Asks: 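Structure in structure tokens, see below.
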Amino acid sequence: MVGRSLQVAEISRESLKVESYYSIRRGWIAVACVFVVGFALMGVTGYAIYQQAPPIPTFQVHGEAAPLWTKEDILEGQQVWQSIGGQQVGSIWGHGAYQAPDWSADWLHREALMTLEVMGENASRYISEVRANMYDPDTDMAAITPARAAAVRRLTRYYVALFTGEHHSPEVEDIDALRKLHQVKDVALYDVAKAEKMAGFVFWSAWACVTERPGQSVSYTNNWPQERLVGNTVSADVIIWSLISVALLVAGIGGLAWIKSAHHEEQGQLDPPREDPLVDFVVTPSMASMVKWVYVVFLLSGFQICIGVYLVHLTIDGNLGIPNWLTQHITYTVARTWHTQTAVYAIATSFLAAGLFLAPAIGGRRTAPPLQKPLCDFLFLCLLVIVGGSMAGQVAAVTQSFESLLMSQWFGHQGYEYVELGRFWQYFLLVGLMLWLLLMLNAIWPAVLKPQDTTSPSARGRWHLVTIIACSGALIAFFWASGLMYNARSNLAVMDYWRFWIVHMWVEGIFEVFITVVVAQVFVMLGLLDPEAAAGVTLFTTGTFLFGGIPGMYHHNYFSGTPTMILAVGSCFSCLEVCPLALMGLEASEYMALHRAADRPESRWLAKYKPIVNCFIYVAFWNLVGAGFLGFIINPPVSQYWMIGGYLTLAHGHGALWGVYGVLALALSLLVLRL
């Protein structure tokens, strides 16, 4: 993570001449190959997802003239579901909040019980009937039996009662108590017609869970969720690819350990300079303005923790002791939305602030670049507007203050976890990231355009580090646009494909590249790393985690309406993401050595940076435990089949997002304050 085996050591010139495994040239070739192959694979598999996503048909009951639900009804129902919080009100296909049930699994089970009750002695035919694919691509219609239609209509009335605030339902003894248990707002929807269409969307999601793909014996969601009443059981593909992923994990750890041990002599010994190389560090006005960004990071982090405590109380004790007016406005859905969204905001703010703070120093500037300070202040105001506006819009959407579903999508709640902010705010943030990139380039361009001194390894290394920083900054700005590739009416399988380009690749991949090179640059500035070695190791590290990280994104998509090939690609590559995490102890030992060096009289100046180093040690631990151990426990398909959306997912999410990226945000914030 923070360097992923980045050596905190100065490497001798003689060593560099003999050993070239971490050479810059080889590093660039490796990264280029990883990007080309990785994204080519993402293109091929993404095309397959588009082509084989579960169809959204018009549902027609045998013997009836009027359809049960039209395709338009289901798509509008999807938008209604998004407007009340979407994945923050329970989950669909395993993705979402944990308090309410997974609605696709809930519908599947309840419908099966009701249909079997109607069929009576003919119940033995139910599994074959419900799993049969009755979709006709020529008419874009799917047929269902009268017995199933009777159960569906009965279940629709239950869902309408649950979400419109009715106090009685023949399906449950106390619907008010059930609503509070699920933390569904007392009146989530005020329009019965909207509630009926949302029920149609949930029915479609359950239909995809049980309907077999044409010519196959597994459903569109690879037989997820497990439900014996409809014949959903774990498939052979899930078991086989899980075993292969475990084997690849062992092989990958062994291979990476072999490489590190074979080139261990390149690491050298820690030998920090006797004086702080940054004792005369010049802070320009634009750099000084980053202090207020840091305070926003602390504020967002503190708020995120407080709202997390509020969520825990709602989860365990319900509304006990909390005024009803508060829980009806800051609902569980709103609180969980803010909890996940402010975490991303805090982490992104710290990374952007660190980039803007270090950029003038990296560019060798002693004075502020033209317009840098006022534009940094303008960007800060934009950040406040985006954070405040998106959070207010989410409350308005969940409380159904927007009459238009389009307005709810653009200014309220998009309904998808981690990218809940309204589409307007999403575009606004893209513009802000583009401005941030321009400000970064405005500050560092003298170092980028400076002619390389090919006779000086140190100068060559510094130039390549600056180039990597510029490239990673561009990736941060442009990759955010992947979240704009779907819309409110996109098929859920397609939406989840693009959503995880943000959740997985933008946060866990691109930000990881950025933080790796920024930490390397800081250590070079402190005289702890040789510039050429730092650039080479940074490229090697980047290639290593992106090799598994790019197609490894698919471990989120095993059961999201994707074809079986996603199981294969996701399980094989995502296990390789864990390989460098398994060696986090080596990285932690390097930071601990740096921590001990700060106590020696000759390098006492390092004590100024000990809190930052402590954060890096903490990050290494949570990379091993939170991202690595807990991540791999739920990573193989067979694990996710049983545990997706469970509390191990919660533990992994907190350990990886807060334990790693949250503490990195604090480390970067401390760096800005210390310098």
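All values reported here derive from a predicted model rather than from experimental measurement.
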Asks: Without swapping roles, check the side chain of Gln414 against the backbone of Leu421 for a donor-acceptor pair under 3.5 Å.
Replies: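 Yes; at least one donor-acceptor contact below 3.5 Å.
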Asks: Between the side chains of Ser560 and Thr562, is a donor N or O closer than 3.5 angstrom to an acceptor N or O?
Replies: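 Distance-only check fails for Ser560 and Thr562.
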Asks: With Tyr641 as reference, evaluate Trp241, Phe559, Tyr558 under the ring-ring contact (aromatic ring centres under 6.0 Å, His included) test and give the passing residue.
Replies: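 Of Trp241, Phe559, Tyr558, ring-ring contact (aromatic ring centres under 6.0 Å, His included) with Tyr641 is met by Phe559 alone.
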Asks: Quick one: does any side-chain atom of Arg213 pair with a main-chain N or O of Gln52 as donor and acceptor, under 3.5 Å?
Replies: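 Side chain of Arg213 to backbone of Gln52: a pair is present.
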Asks: Return the CZ to CG distance between Arg423 and Asn487, rounded to the nearest 0.5 Å.
Replies: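 Taking CZ in Arg423 and CG in Asn487, the distance rounds to 7.0 Å.
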Asks: Assess the residue pair Leu484 and Tyr427 against the criterion (side chain to side chain contact (heavy atoms under 4.5 Å, CB included)); give the C-alpha distance rounded to whole Å, side-chain angles, the decisive distance to 0.1 Å, and a yes or no.
Replies: CA-CA 8 Å; Leu484 303 171; Tyr427 273 106; 3.6 Å; yes
Asks: Mind checking whether Leu68 and Arg153 have side chains closer than 4.5 Å, heavy atoms only?
Replies: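 SC-SC contact between Leu68 and Arg153 confirmed.
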Asks: Are any non-hydrogen side-chain atoms of Ile347 and Leu664 less than 4.5 angstrom apart?
Replies: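 Heavy-atom side-chain distance check fails, nothing below 4.5 Å.
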Asks: Mind checking whether Thr327 and Asn324 have side chains closer than 4.5 Å, heavy atoms only?
Replies: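 The answer is yes, as the side chains (C-beta and beyond) meet within the 4.5 Å cut-off.
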Asks: For Tyr295, does the OH atom have more than 12 heavy-atom neighbours from other residues, nucleotides or ligands under 6.0 Å away?
Replies: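 Incorrect, the count does not exceed 12.
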Asks: Are Val80 and Phe201 side-chain neighbours, meaning at least one heavy-atom pair lies under 4.5 Å?
Replies: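 Not touching, per the 4.5 Å side-chain cut-off.
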Asks: Please give me the minimum heavy-atom distance between Gly85 and Thr333, naming the atom from each residue.
Replies: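 Heavy atoms of Gly85 and Thr333 come nearest at CA-CG2, 3.7 Å.
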Asks: For the backbone of Thr58 and the side chain of Asp140, can you confirm whether one donor and one acceptor N or O come within less than 3.5 Å of each other?
Replies: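 Between the backbone of Thr58 and the side chain of Asp140 there is no qualifying donor-acceptor contact (under 3.5 Å).
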Asks: Establish, from distance only, whether the side-chain atoms of Arg131 and Asn223 form a donor-acceptor pair under 3.5 Å.
Replies: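 Asn223 and Arg131 do have a side-chain donor-acceptor pair below 3.5 Å.
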Asks: Looking at Glu171 and Arg154, does any basic side-chain N land under 4.0 Å from a carboxylate oxygen?
Replies: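 Result for this pair is yes, salt bridge flagged.
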Asks: Can Tyr661 and Glu508 be counted as having a side-chain donor-acceptor contact under 3.5 angstrom?
Replies: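 No.
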Asks: Is the distance between the ring centroids of His504 and His555 under 6.0 Å?
Replies: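 Centroid distance His504-His555: below 6.0 Å, so yes.
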Asks: Can you find a heavy atom in the side chain of Tyr554 that is under 4.5 Å from one in the side chain of Thr45?
Replies: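 Answer yes - side chains close enough.
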Asks: Measure from the side-chain N and O atoms of Gln183 to the backbone N and O of Thr315, and report whether any donor-acceptor pair falls under 3.5 Å.
Replies: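 Side chain of Gln183 to backbone of Thr315, a donor-acceptor pair under 3.5 Å: no, none is there.
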Asks: Find out whether Gln426 and Trp480 are in side-chain contact, i.e. whether some heavy atom of one side chain is under 4.5 Å from a heavy atom of the other.
Replies: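 Yes - at least one pair of side-chain heavy atoms lies under 4.5 Å apart.
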Asks: For residues Trp501 and Met42, report the shortest heavy-atom separation together with the two atoms involved.
Replies: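 Heavy atoms of Trp501 and Met42 come nearest at NE1-CE, 3.9 Å.
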Asks: Show your reasoning for whether ring-ring contact (aromatic ring centres under 6.0 Å, His included) applies to Phe511 and Phe351.
Replies: CA-CA 8 Å; Phe511 269 118; Phe351 281 40; 5.0 Å; yes
Asks: Let's go through Gln87 and Trp81 carefully: what are the C-alpha distance in whole Å and the side-chain angles of both, what is the deciding distance for side chain to side chain contact (heavy atoms under 4.5 Å, CB included) to 0.1 Å, and is it a yes or a no?
Replies: CA-CA 9 Å; Gln87 290 178 339; Trp81 168 73; 3.8 Å; yes
Asks: Would you indicate whether the side-chain heavy atoms of Met198 and Trp103 approach each other to under 4.5 Å?
Replies: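 Sidechains of Met198 and Trp103: no contact.
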Asks: Please check if the number of heavy atoms outside Tyr98 that lie under 6.0 Å from its OH is greater than 12.
Replies: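 Yes, the 6.0 Å shell around OH holds more than 12 heavy atoms from other groups.
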Asks: What I'd like to find out is whether the side chain of Ile322 reaches to under 4.5 Å of the side chain of Leu314, using heavy atoms alone.
Replies: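 The answer is yes; the side chains approach within 4.5 Å.
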Asks: Identify the heavy atoms of Ala397 and Ser408 that sit nearest to each other, and give their distance.
Replies: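 Smallest heavy-atom distance, with atoms named: CB-OG, 3.5 Å.
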Asks: Decide side chain to side chain contact (heavy atoms under 4.5 Å, CB included) for His339 and Gln304; before the verdict, give the C-alpha distance in whole Å, the side-chain angles of both, and the deciding distance to 0.1 Å.
Replies: CA-CA 5 Å; His339 186 61; Gln304 198 255 355; 3.2 Å; yes
Asks: Do Ser482 side-chain atoms and Trp498 backbone N/O form a donor-acceptor pair below 3.5 Å?
Replies: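 Checking the backbone N and O of Trp498 against the side chain of Ser482, no donor-acceptor pair under 3.5 Å is found.
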Asks: Where the side chain of Arg179 meets the backbone of Glu166, is there a donor-acceptor pair that is under 3.5 Å apart?
Replies: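 Here the side-chain-to-backbone pair exists.
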Asks: Go through the side-chain N and O atoms of Ser390 and Tyr345 and say whether any donor and acceptor fall under 3.5 Å apart.
Replies: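 Note: Ser390 and Tyr345 side chains meet the donor-acceptor criterion.
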Asks: Could you check Arg489 against Gln78 for side chain to side chain donor-acceptor pair (under 3.5 Å), going step by step and ending with a plain yes or no?
Replies: CA-CA 7 Å; Arg489 296 165 72 88; Gln78 178 173 305; over 6 Å; no
Asks: For Tyr126, is the NZ or CZ atom of Arg228 found under 6.0 angstrom from the centre of its six-membered ring and inside 45 degrees of the ring axis?
Replies: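 So Arg228 doesn't make the cation-pi contact.
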Asks: Side-chain donor-acceptor pair under 3.5 Å between Thr211 and Trp207, yes or no?
Replies: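 Note: Thr211 and Trp207 side chains meet the donor-acceptor criterion.
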Asks: Is there a ring-ring contact (aromatic ring centres under 6.0 Å, His included) between Trp204 and Trp93? Walk through the geometry before answering.
Replies: CA-CA 11 Å; Trp204 168 79; Trp93 293 349; 5.5 Å; yes
Asks: To the nearest 0.5 Å, what is the distance between CG on Leu162 and CG on Asp176?
Replies: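 CG of Asp176 is found 10.0 Å from CG of Leu162.
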Asks: What closest approach, in Å, do Ala493 and Ile49 show between heavy atoms, and which atom pair accounts for it?
Replies: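 Looking at all heavy atoms of both residues, the shortest contact is O-CG2, 3.8 Å.
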Asks: Nearest 0.5 Å please: distance from the CG atom of Leu300 over to the CD1 atom of Ile307.
Replies: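 Leu300 atom CG to Ile307 atom CD1 measures 12.5 Å (nearest 0.5 Å).
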Asks: If you round to the nearest 0.5 Å, how far is OG1 of Thr145 from CE of Met119?
Replies: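 Met119 atom CE to Thr145 atom OG1 measures 6.5 Å (nearest 0.5 Å).
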Asks: Quick one: do Leu405 and Glu76 satisfy side chain to side chain contact (heavy atoms under 4.5 Å, CB included)? Show the steps, please.
Replies: CA-CA 9 Å; Leu405 292 175; Glu76 188 173 338; 3.9 Å; yes
Asks: So does Lys197 pair up with Glu72, basic N to acidic O under 4.0 Å?
Replies: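 Salt bridge flag = no for Glu72 with Lys197.
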Asks: To the closest 0.5 Å, what do you measure between CG (Asp73) and NZ (Lys71)?
Replies: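 Answer for the CG-NZ pair, Asp73 versus Lys71, is 12.5 Å.
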Asks: Which heavy atom of Leu657 sits nearest a heavy atom of Val507, and at what distance?
Replies: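 Taking every non-hydrogen atom into account, CD1-CG1, 4.5 Å.
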Asks: In sequence, state the C-alpha distance, the side-chain angles, and the governing distance for Tyr159 and Phe203, and then conclude on ring-ring contact (aromatic ring centres under 6.0 Å, His included).
Replies: CA-CA 11 Å; Tyr159 267 71; Phe203 164 71; over 10 Å; no
Asks: Mark yes or no for whether Arg499, through its side chain, and Glu417, through its backbone, hold a donor-acceptor pair below 3.5 Å.
Replies: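 The answer is yes, because a donor-acceptor pair under 3.5 Å joins these two groups.
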Asks: Quick check: closest heavy atoms across Ser235 and Val218, and the distance to 0.1 Å?
Replies: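 So the two residues come closest at CB-CG1, 3.8 Å.
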Asks: So, Gln88 and Glu420: side-chain donor and acceptor under 3.5 Å apart, yes or no?
Replies: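 Yes, because at least one side-chain N or O of Gln88 sits under 3.5 Å from a partner of the opposite role on Glu420.
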Asks: Counting N and O atoms only, with roles assigned by atom type, does the side chain of Trp642 sit under 3.5 Å from a partner on the main chain of Gln226, one being a donor and the other an acceptor?
Replies: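 Here the side-chain-to-backbone pair does not exist.
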Asks: Would you say Ser242's side chain and Val638's backbone share a donor-acceptor pair under 3.5 angstrom?
Replies: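 Yes; at least one donor-acceptor contact below 3.5 Å.
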Asks: For Ser205, is there any backbone N or O sitting under 3.5 Å from a side-chain donor or acceptor partner on Trp107?
Replies: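 Judged by distance alone, no pair lies under 3.5 Å.
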Asks: How about NE2 on His329, more than 12 heavy atoms from neighbouring residues, nucleotides or ligands closer than 6.0 Å, or not?
Replies: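 No.
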Asks: Can you tell me how far the CG atom of Leu492 sits from the OG1 atom of Thr221, to the nearest 0.5 Å?
Replies: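 OG1 of Thr221 is found 11.5 Å from CG of Leu492.
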